[in-house]
Number of protein chains: 2
Amino acid sequence: MTDDRSTELIGTYSIPQRCQHNPTVTCSDCRLGELCLPIALDSIEINQLDTIVQRGKPLQIGDELFHEGATFNAIYAVRSGSFKSYKLFAGGGSQVTGFYLPGEIVGMDGISSLTHTVSTVALETSSVCEIPFKRFTELSLKIPSLQNRFFRMMGKEITSDQQVRTLLSVKTAEQRVAALLLSLSTRHQRRKLSATRLRLPMTRADIGSYLGITIETVSRVLSKLSKQGLIKLDQREVEICKFNALQELVMEKP
Amino acid sequence: MTDDRSTELIGTYSIPQRCQHNPTVTCSDCRLGELCLPIALDSIEINQLDTIVQRGKPLQIGDELFHEGATFNAIYAVRSGSFKSYKLFAGGGSQVTGFYLPGEIVGMDGISSLTHTVSTVALETSSVCEIPFKRFTELSLKIPSLQNRFFRMMGKEITSDQQVRTLLSVKTAEQRVAALLLSLSTRHQRRKLSATRLRLPMTRADIGSYLGITIETVSRVLSKLSKQGLIKLDQREVEICKFNALQELVMEKP
DNA sequence: CGAGTCATTGATGAACTTCAAAGGGAGTGG
DNA sequence: CCACTCCCTTTGAAGTTCATCAATGACTCG
């Protein structure tokens, strides 16, 4: 069955994944088809999309997909692994602006000014489909459902950014961490992976930077949630024990 | 010259504005053309756009443009006045998610799920151009530069959302307030209005909610900036005395 | 094995919130 | 025209949450 070396994410439920970084898989073959760009496209249209998509070899941890200030040429659909985007500050230091999982689009930050406003690096061995933007917009003119799909994906980015903003402005440290765990869980689930067990691909520092709290606070909150039995924690492996309790926690007034 | 009753925003520089709420002005006549959607469109294309744009009578202060949960049908280009968007919380209370000035597009929050995720109300007497989204997307297929323009406007929304997120997660109350003032100033300037004098259309409560701080803190910070001579303050009238100093303040590490 | 990175935990302090009270402006009605 | 109310705003004092500083523990990789 699982004849290839599937990276065992967590003990009890290894996920058989055929060639997750394999550059020869087309959009029509891709397991992610139903949550990536091609959704709502018929097979002919998917093939058209395929002709402009470029698939390179996998990136290793820390490898840069693009960096802040670089000319914007393409958007990228994450195929496997995960990425973080971050912005550097003048006086040193940086701020993580997003995490990207398979099926999600990274690089939209460059659309408006034609220059990337953030840098993006792989958090683990990862691969992407590169989609040259100019060609993509041309194709979108011919395929209404593709244009529509992309409008909606950008809209999604906007609304989820706004959710994060709410998180940052009114929620406590505990609520922020809980919300991130739930978000990762939901996104796992969309890929038919376990909703309750996940491996955090990012460091505590990344989490803290993203959530606007310090690494120490992240650590303390995770410990607390663990002691309260809402989650189980083993390094970067997280098991969500009480999903509902976490959700209520996030909903609560600060 | 200025024969109509131009609303005098602030003493020393009254702005002559011809019929700012006048629903008969077309896109090609509109003073905002160069910063609104029509940018980069030729006159034929602008006329095509005009055919789908609907202009209603002005909204009064507190009037709702659309509310959270409503079906998404259209986006709106602000023509005059100003709006705020906000989200209600389950347990009561709300969070302001954005302010919108003339030339800006409001309503993109509904694109992804076809349901508005925020409510939007007028902060003063205001008017909008309603752009039915379905027809707009159809037109975008025919006018590449319109599609392109809208991609970029959505991209802009994404990058500016991310800037606000940075503001909320790493900046102090003082920096946040300063950043908002600068943002309003910049947006004023784009409309050829004074960059140094402006009238805040929103309450302190709105500002606080938007910036993730309390109304008391907003008040204290404004007083402090005023005492330091960076701004002059008279109710909602603000004069920015030291633009550069404010900018440096925003840039500083917290 | 040792160096380096990442993570946990404790003690202190600062920024902001919360609670409380009082000071304007704008609008309404007598 | 004045008194009245309502809302918005300002200012002060006490209380929390989280950041900062500091030290130790755990894991990884050459």
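Note on naming: letters A, B, ... go to the chains in the order of the sequence lines (proteins, then strands), and numbering restarts at 1 for each one.
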Sugar-phosphate, base or nothing in reach of I213(A), heavy atoms under 4.0 Å: sugar-phosphate
Minimum-distance nucleotide to E216(A) side chain [options: dC21(D), dC19(C), dT8(C)]: dC21(D)
Between T196(A) and E239(A): side-chain donor-acceptor atoms closer than 3.5 Å: no
Residues R199(A) and E124(A) bridged, charged N to O under 4.0 Å: no
Whole-Å distance separating the CD atom of E252(B) from the P atom of dA15(C): 13 Å
d(NZ, K224(B); C1', dA15(C)) in whole Å: 11 Å
Between T120(A) and E64(A), a side-chain donor and acceptor under 3.5 Å: no
First of L233(B) and R176(A) reached from the 5' end of DNA chain D, by closest nucleotide: L233(B)
Atom pair distance, as rounded to whole Å: CG in L167(B) and P in dC16(C): 12 Å
Separation of atom CD in E174(B) from atom P in dT17(C), rounded to whole Å: 13 Å
Euclidean distance, atom NZ of residue K253(A) to atom P of dT16(D) [Å, nearest integer]: 19 Å
Basic-acidic side-chain contact under 4.0 Å: E68(A), K87(A): yes
From dT9(D), dA7(C), dT17(C), nucleotide with atom closest to S219(A) side chain: dA7(C)
Distance below 4.0 Å between T203(A) side-chain N/O and dC6(C) OP1 or OP2: no
Atom pairs, N/O to N/O, protein against nucleotides 27-30 of chain D, distance under 3.5 Å?
none

Between dC16(C) (P) and L168(B) (CG): distance, integer Å: 13 Å
Rounded interatomic separation in angstrom, taking CD1 from I215(A) and C1' from dT9(C): 12 Å
Sole residue of K156(A), R190(A), R79(A) in salt bridge (charged side-chain N to carboxylate O under 4.0 Å, His left out) with E104(A): R190(A)
T214(B) side-chain N/O to dT18(C) phosphate OP1/OP2 under 4.0 Å: no
Side chain of R236(A) - closest among dA7(C), dA19(D), dC16(C): dA7(C)
Chi angles and distances behind the salt bridge (charged side-chain N to carboxylate O under 4.0 Å, His left out) call for K224(B), E174(B): CA-CA 9 Å; K224(B) 188 179 171 195; E174(B) 213 173 313; 2.9 Å; yes
side-chain hydrogen bond (donor to acceptor under 3.5 Å, both in side chains) assessment of S223(A) paired with S226(A): CA-CA 5 Å; S223(A) 298; S226(A) 182; over 6 Å; no
Protein-nucleotide distance (K171(A), atom NZ; dC16(C), atom P), rounded to Å: 21 Å
dC16(C) phosphate, OP1 or OP2, under 4.0 Å from R220(B) side-chain N/O: no
OP1 or OP2 of dT9(C) under 4.0 Å from side-chain N/O of S223(A): yes
Sugar-phosphate only, base, or nothing, as touched by G208(A) at under 4.0 Å among non-hydrogen atoms: nothing
Non-hydrogen atoms of A195(A) and I240(A) that approach each other most closely: O-CD1, 4.1 Å
